[in-house]
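Following: one structure in structure tokens, then a few remarks.
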Amino acid sequence: MTTTDRRRDGRWSSRGVTGLRAAAAAAAITAVTGLGALTYANQVGLKKFTLRRVSVPVAGVPTSLRILHISDIHYVPGQQQKFRWLQELAELQPDLVINTGDNLSHHQAVPEVLEALAPLREFPGAFVPGSNDYYAPKLKNPLRYLLGPSTLDPEAQVLPTDALFGGFESSGWANLSNAHAAVRINGLSLHLSGVDDPHIGRDEFTGWPETAYGSQTPDLRIAVAHAPVLRVLETFADARADLVLAGHTHGGQVCLPGEQAIVTNCDLPRRYAKGLHYRRGSHGGDVAVHVSAGIGTSAKAPIRLNCPPEATLLEITPA
């Protein structure tokens, strides 16, 4: 007899009632568990700010260099816990700060972002933009990310990008948006090159500086992009970058246990959603690629599950 069978007197069978009750109980448990996970992801997971430390050996580097990699702040006015944590990062005393974009998640966030980053802006730095430095996020069905990378909404609100970039540049941070720069830090000659956000098709690699401090060969080449799309990573690797820095993925943002990403919002394989991996350039050498899981989330999807917000202190060491 199935759960839809009836007795001759028209009543449900006890077996059918038991099955329906079990199904209802299972549905209720699933709903409560899902609600609990979402509540945790919003109230706890979103605020478990984490500092990661990663050692990156690079052949030919004569001395070490400490790089603080920050990304995807997605700031909304009033986020005081995030504000304080960002300011505390200056206590690390990095040699160089690299910001890989998506600083904003609200059109009024620029003043607080610049204030939150003011202590870090005292250090040498460089930045590239992400799409959310140009356009405000819009509400989307989160299941849409399972079908492929997100696309730019043509009706998205334009953000005060010039004010943000102006604040960074006034601190001496190099704007690497389809640009390159040569700097000298701790006696090291560095070549930096970056692109505008590949996720919205604004990228154009301009190569490396022709000369730097009288030397054609820098001690370290660092390439920077917001979204780690494969064609850009391959371009950087083929151009003999020593280190590539990117963000955008949020580390998957909502992950399976063990911080296993479900999506990356680009064509980067999920196993590389965050952290350090290596890519082989056409010249046969391996290039270190670090993808940051980021510090925030879009204001329209304020959750993090099994994927804490993070900044990373990279220590470049002689190999």
Side-chain angles (χ1 to χ4, degrees), residues 26-57 67-74 81-82 85-86 89 92 98 100-102 105 130 140-150 199 225-230 232-233 243-280 286-315:
I29 292 172
T30 300
V32 170
T33 301
L35 180 60
L38 287 175
T39 301
Y40 177 89
N42 174 261
Q43 298 298 318
V44 180
L46 198 66
K47 302 171 184 176
K48 293 182 67 175
F49 298 108
T50 302
L51 175 70
R52 298 187 186 273
R53 298 174 185 264
V54 177
S55 177
V56 186
I67 301 174
L68 180 65
H69 183 190
I70 59 176
S71 192
D72 297 271
I73 296 172
H74 288 286
Q81 187 174 346
K82 182 187 290 185
W85 187 76
L86 286 169
L89 290 175
L92 297 169
I98 300 291
T100 49
D102 270 10
S105 205
K140 299 177 182 177
N141 181 352
L143 297 178
R144 172 66 182 79
Y145 289 97
L146 297 174
L147 303 178
S150 60
H199 186 63
H226 175 65
V229 300
L230 291 179
V232 172
L233 298 185
L243 174 66
V244 178
L245 301 179
H248 176 71
T249 65
H250 297 184
Q253 188 167 324
V254 175
C255 295
L256 300 174
E259 300 187 11
Q260 300 178 67
I262 301 172
V263 298
T264 63
N265 198 24
C266 63
D267 60 354
L268 185 72
R270 289 181 290 116
R271 64 184 180 276
Y272 302 139
K274 69 176 180 179
L276 187 70
H277 73 275
Y278 289 82
R279 303 195 69 81
R280 180 63 56 88
D286 288 333
V287 177
V289 179
H290 183 263
V291 179
S292 172
I295 295 167
T297 69
S298 164
K300 304 301 182 182
I303 56 172
R304 274 186 177 264
L305 185 63
N306 297 320
C307 186
E310 68 176 44
T312 305
L313 188 66
L314 299 159
E315 183 165 7

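We count residues from 1, following the sequence as given. As the structure is a prediction and not an experimental result, all values here were calculated from the model.
Of the possible polar contacts, one joining the H248 side chain to the N265 backbone as a donor-acceptor pair under 3.5 Å is found.
Between A293 and R304 the shortest heavy-atom distance is O-NH2, 2.6 Å. Nearest heavy atom pair, residue S150 against residue H199, reads OG-NE2, 3.0 Å. Heavy-atom minimum distance, I70 versus A311: CG2-CB, 4.1 Å. The shortest non-hydrogen separation linking V263 to R270 is N-CD, 4.0 Å. Across A288 and V56, no two heavy atoms sit closer than the pair CB-CG1, 3.8 Å.
For the pairing with T100, the side chain to side chain donor-acceptor pair (under 3.5 Å) check across H290, H226, H69 returns one residue only, H69.
One distance of note links CZ of R280 with CG of D286; it measures 4.0 Å at 0.5 Å rounding. Note that the SG atom of C307 and the CD1 atom of I262 stand 10.5 Å from one another [nearest 0.5 Å]. Taken to the nearest 0.5 Å, the OG1 atom of T312 stands 8.0 Å off from the CG atom of L68. Note that CD1 of I295 is 10.5 Å distant from OG1 of T50, once rounded to the nearest 0.5 Å. The distance from atom CG of L245 to atom CG of L276, rounded to the nearest 0.5 Å, is 9.5 Å.
A heavy-atom distance below 4.5 Å is not found between the side chains of K47 and W85. Two residues are said to be in side-chain contact when any heavy atoms from C-beta on lie closer than 4.5 Å; P269 and L230 meet this criterion. Between L268 and L233 there is a side-chain heavy-atom pair separated by less than 4.5 Å. By the 4.5 Å heavy-atom criterion applied to side chains, L92 and R53 are counted as neighbours. The side-chain heavy atoms of I98 and L314, taken from C-beta on, include no pair separated by under 4.5 Å. R52 has its side chain within reach of P308: a pair of non-hydrogen atoms, C-beta onward, lies under 4.5 Å apart.
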Output, in order, the C-alpha distance, side-chain angles, deciding distance and verdict of side chain to side chain contact (heavy atoms under 4.5 Å, CB included) for V291 and T264. CA-CA 11 Å; V291 179; T264 63; over 6 Å; no
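The aromatic rings of Y272 and H277 lie parallel to each other, their planes meeting at an angle below 30°, with 60° marking the opposite boundary.
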Validation: residues 250-257 side-chain donor-acceptor distances under 3.5 Å, sequence neighbours left out:
{"residue": "H250", "atom": "ND1", "partner": "Q253", "partner atom": "OE1", "Å": "2.7"}
{"residue": "H250", "atom": "NE2", "partner": "D72", "partner atom": "OD1", "Å": "3.3"}
{"residue": "H250", "atom": "NE2", "partner": "H74", "partner atom": "NE2", "Å": "3.1"}
{"residue": "Q253", "atom": "NE2", "partner": "A301", "partner atom": "O", "Å": "3.0"}
{"residue": "Q253", "atom": "NE2", "partner": "I303", "partner atom": "O", "Å": "3.1"}

